[in-house]
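All remarks here apply to the structure that follows.
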There are 4 protein chains.
Amino acid sequence: MIDRLLAATTQVLDERGYAGLSTNRVAERAGVSVGSLYRYFADKNDLIEELRTRSSADVLTDLTDALTAAVAMPARDGVRHVLAVLVAALKRHRAVTTAMISEAPLGAHGNILPEVERQLAQVTRIFVAVHAPHLEPAEAGARIHLAMGVTLNACLRITLEPPPGITEDRLIDLTADLLVLGLLPDPLARA
Amino acid sequence: MIDRLLAATTQVLDERGYAGLSTNRVAERAGVSVGSLYRYFADKNDLIEELRTRSSADVLTDLTDALTAAVAMPARDGVRHVLAVLVAALKRHRAVTTAMISEAPLGAHGNILPEVERQLAQVTRIFVAVHAPHLEPAEAGARIHLAMGVTLNACLRITLEPPPGITEDRLIDLTADLLVLGLLPDPLARA
Amino acid sequence: MIDRLLAATTQVLDERGYAGLSTNRVAERAGVSVGSLYRYFADKNDLIEELRTRSSADVLTDLTDALTAAVAMPARDGVRHVLAVLVAALKRHRAVTTAMISEAPLGAHGNILPEVERQLAQVTRIFVAVHAPHLEPAEAGARIHLAMGVTLNACLRITLEPPPGITEDRLIDLTADLLVLGLLPDPLARA
Amino acid sequence: MIDRLLAATTQVLDERGYAGLSTNRVAERAGVSVGSLYRYFADKNDLIEELRTRSSADVLTDLTDALTAAVAMPARDGVRHVLAVLVAALKRHRAVTTAMISEAPLGAHGNILPEVERQLAQVTRIFVAVHAPHLEPAEAGARIHLAMGVTLNACLRITLEPPPGITEDRLIDLTADLLVLGLLPDPLARA
DNA sequence: AATGAATGAGCGTTCATTCAT
DNA sequence: CATGAATGAACGCTCATTCAT
């Protein structure tokens, strides 16, 4: 039932956008009564949150795998791999991503990315500690914070509004370069 | 009256967020009747657009000055100056920026930044042409596109959710470094 | 619920006239919420149309019976019978008739009578063909058109603003005479 | 000023229909302020009433002349003349007539015709007294009442929705025949 | 006299939420 | 458990009317 409702929510989001998302419509689309929706979700917000959480979790699954694989690679290759996986995952959730990032009141629901960012930041801290051990903690923290912004923003741009005349691969390459440059001040560390 | 209504809109946005922004509430907060609101604005959308336009114009004024000043500076200093001015301008419009960037359905109203980004991209093209003339056009375009994302995202983060334990100045420094690094592949060009 | 709402609509029409007919008022008068009204009617117009359609259908039912009975009678008696039935039916729907005929913007909703007139005209064509077969088609058409106006107008007058000092029966008699005279130019045909 | 406002009202009625008739619009169209409108007319209703009255008066002027001329003619010719003049006059006021008859809440403003009908009835009484002196007063009254309905309804139909395939002249002829037939029971009286 | 900015009750309509069945 | 009819506050917007200037 819950899955049915969340699937219906995604559909409605796809077809009508965030503004067209009403609980009655979701229930109708799911083929159940509104009453049932309110048995499984406290309110509309809860429904949206759950959808966001699930999309987030799905993205995180891929991300975790990518991060695991990345640690065994040279720095730049690892970063590149993570970016590519992230873009692919966001593409898969284009509907929810679009709705949540571009349409939904962020203040109300946050977006998919905070959890992704948290996970990413955690691993990035280790990455920086390994490759640039002499960096001061505060300095490292700031670089990581900025890098997270760069990463998510770049992946979103690549996913939702890719610039014309250039391949996605090249964009990911450039972003990877930028991130390595930004994260690791020591040129020697960059493999 | 127009100013009064726009000020009230900003207030309501501040207190209730985008979702709580209603024409009746704005009129009430402005101490006028709804009818008056509709004398000066065609509809709710027009009200929001006007607020956005004004904020945008105000940010652009500062930005233009900063860009003019920046061309006479060494590359990194110029970039830094522009970032600092942008952060200051966004801070001044924190309420509208938050509401428009983070809450408003982007599809409905766009946000302040597209216009800022456009202006910024234009000058950045020249900047890149001067400092890295050998860069291929498509490559340069992609770098600029990404750099715009980095710039706006960084300024927004610095303005709206600055990371703890580090000064704003240092964050701007780091961002400037990142941008120069990302835009100009030739190390010699970086002054 | 639908009946309740239509009854309330009739009441409001009676008490406040067409101009005073608002969806909120109808709902209140029906003792239900506005929301309920919109569960059963797409919009205000739909509500009005439904009321009109029902009144129209009810009048048409009687009219059809009367026409069926009339064909077996001598010409004048048949005409008279139809008129009497029509007056009785309109009386039964006095509220709706008044509102729709006399108050509603005709352009917006039409009124009850077009459907009545259409049905009446159809049978009248046969009546004329039988009793005055030598009449030219165009001439017959014009006579019928005028006769329809006379019929409806007379019935409306008899129903809504009967002249003083004379019985309804006598008015119907006179109208019947007039119609027979107007429809059938051949005196011999008039039984 | 009054004329200007009434002319503007007619224009607005023509262009936007009764539903689009607002005092602000009328004032704007007249090139004066709403305030001025309310100096010369007590309220919106008063404005409409005045327009109706004037149209009515204009029609009455023609009607009076026609009636004066008609008394010197044979019965049927006189009736025909009056009908022709009436149709012409209504055509001249098509905008107001349409709005008032077909769109305006009749209950609120009545229509142009009552005054016309009154005047017409008055003369018709004399006409009947001359041509059918033996008719009982109540009977004559009823016949006149019905004839008024026929007359106005026919003229309106001829003016606003003429049936296709037949000339206006023929329609007026038929109506005249009908009226004479209906008003004067004595065949000898019909010249 | 004339203006027109200002008013505010009221309109048609939506939709998150509840609760008797 | 599930239903879906019912709710009603709130929304965006209109327009006849007023009144300080």
Side-chain angles (χ1 to χ4, degrees), chain A residues 1 4-5 12 16 19-28 30-48 108, chain B residues 1-2 4-5 12 16 19-28 30-48, chain C residues 1-2 4-5 16 19-28 30-48, chain D residues 1-2 4-5 12 16 19-28 30-48 108:
Chain A
M1 174 70 70
R4 220 135 98 94
L5 285 164
V12 174
R16 307 263 200 158
L21 184 70
S22 83
T23 52
N24 284 284
R25 190 121 63 198
V26 167
E28 188 193 24
V32 301
S33 67
V34 225
S36 292
L37 189 155
Y38 278 87
R39 174 163 298 280
Y40 295 103
F41 298 96
D43 53 22
K44 188 188 182 183
N45 204 64
D46 191 31
L47 173 72
I48 294 171
Chain B
M1 173 68 62
I2 286 183
R4 213 136 102 97
L5 285 164
V12 173
R16 306 264 202 157
L21 184 69
S22 84
T23 50
N24 282 285
R25 193 121 64 200
V26 167
E28 188 190 25
V32 301
S33 66
V34 223
S36 292
L37 189 156
Y38 280 89
R39 171 170 294 280
Y40 296 102
F41 299 96
D43 51 24
K44 190 189 179 184
N45 203 65
D46 191 32
L47 173 71
I48 294 171
Chain C
M1 174 66 63
I2 287 183
R4 214 137 99 97
L5 285 164
R16 306 264 202 156
L21 184 69
S22 84
T23 51
N24 283 282
R25 192 121 64 199
V26 167
E28 189 190 25
V32 301
S33 66
V34 223
S36 292
L37 189 156
Y38 280 89
R39 171 170 294 279
Y40 297 102
F41 299 96
D43 52 24
K44 188 188 180 185
N45 203 65
D46 190 32
L47 174 70
I48 294 171
Chain D
M1 173 71 69
I2 286 184
R4 220 135 99 95
L5 285 165
V12 173
R16 308 262 200 159
L21 184 69
S22 83
T23 51
N24 284 284
R25 191 119 66 199
V26 167
E28 188 192 25
V32 302
S33 66
V34 225
S36 291
L37 189 156
Y38 278 86
R39 174 162 298 281
Y40 295 103
F41 298 96
D43 52 22
K44 189 188 180 183
N45 204 64
D46 191 31
L47 173 71
I48 294 171

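Just so it is clear, the model here is predicted, and its values are computed rather than measured. Sequence lines set the chain letters: A, B, ... in the order given, protein chains first and strands last, and positions in each chain run from 1.
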Atom-pair distance (CE on A:M1; C1' on F:dA2), nearest Å: 7 Å
Interatomic spacing from OG in D:S33 to CG in D:N24 - rounded to 0.5 Å: 10.0 Å
Contact check, side chains of B:V32 and B:L37, non-hydrogen atoms, under 4.5 Å: no
Sugar-phosphate, base or nothing in reach of D:F41, heavy atoms under 4.0 Å: nothing
Nucleotide E:dT3, atom P - distance to CG of D:L5 in whole Å: 10 Å
B:E28 CD to E:dA9 C1', straight-line distance once rounded to whole Å: 15 Å
Stem list, DNA chain E (Watson-Crick or G-U pairing under 3.5 Å, at least 3 consecutive pairs): E:2-21 with F:2-21
Those residues that, when tested against A:R25, pass side chain to side chain contact (heavy atoms under 4.5 Å, CB included) (two or more places apart): A:V12, A:R16, A:S22
Phosphate contact (F:dA5 OP1 or OP2) by C:R39 side-chain N/O below 4.0 Å: yes
Gap between atom CZ of B:F41 and atom CG of B:L5 - 0.5 Å precision: 5.5 Å
Separation of E:dT3 C1' from D:R4 CZ (nearest whole Å): 14 Å
First of D:Y40 and B:L37 reached from the 5' end of DNA chain E, by closest nucleotide: D:Y40
Per-nucleotide protein contact string for nucleotides 11-18 of chain E (B base, S sugar-phosphate only, - none; heavy atom under 4.0 Å): SBBBBBBB
Candidate pair B:L21 and B:I48, rule side chain to side chain contact (heavy atoms under 4.5 Å, CB included), full reasoning: CA-CA 10 Å; B:L21 184 69; B:I48 294 171; 4.0 Å; yes
Euclidean distance, A:M1 CE relative to A:Y40 OH, rounded to 0.5 Å: 5.0 Å
Listed nucleotide nearest any side-chain atom of D:V32, set E:dA6, E:dA2, E:dT3: E:dT3
Qualifying residues under side chain to side chain donor-acceptor pair (under 3.5 Å), relative to B:T23, sequence neighbours excluded: none
Phosphate-side-chain proximity, D:S33 and E:dG4, N/O vs OP1/OP2 below 4.0 Å: no
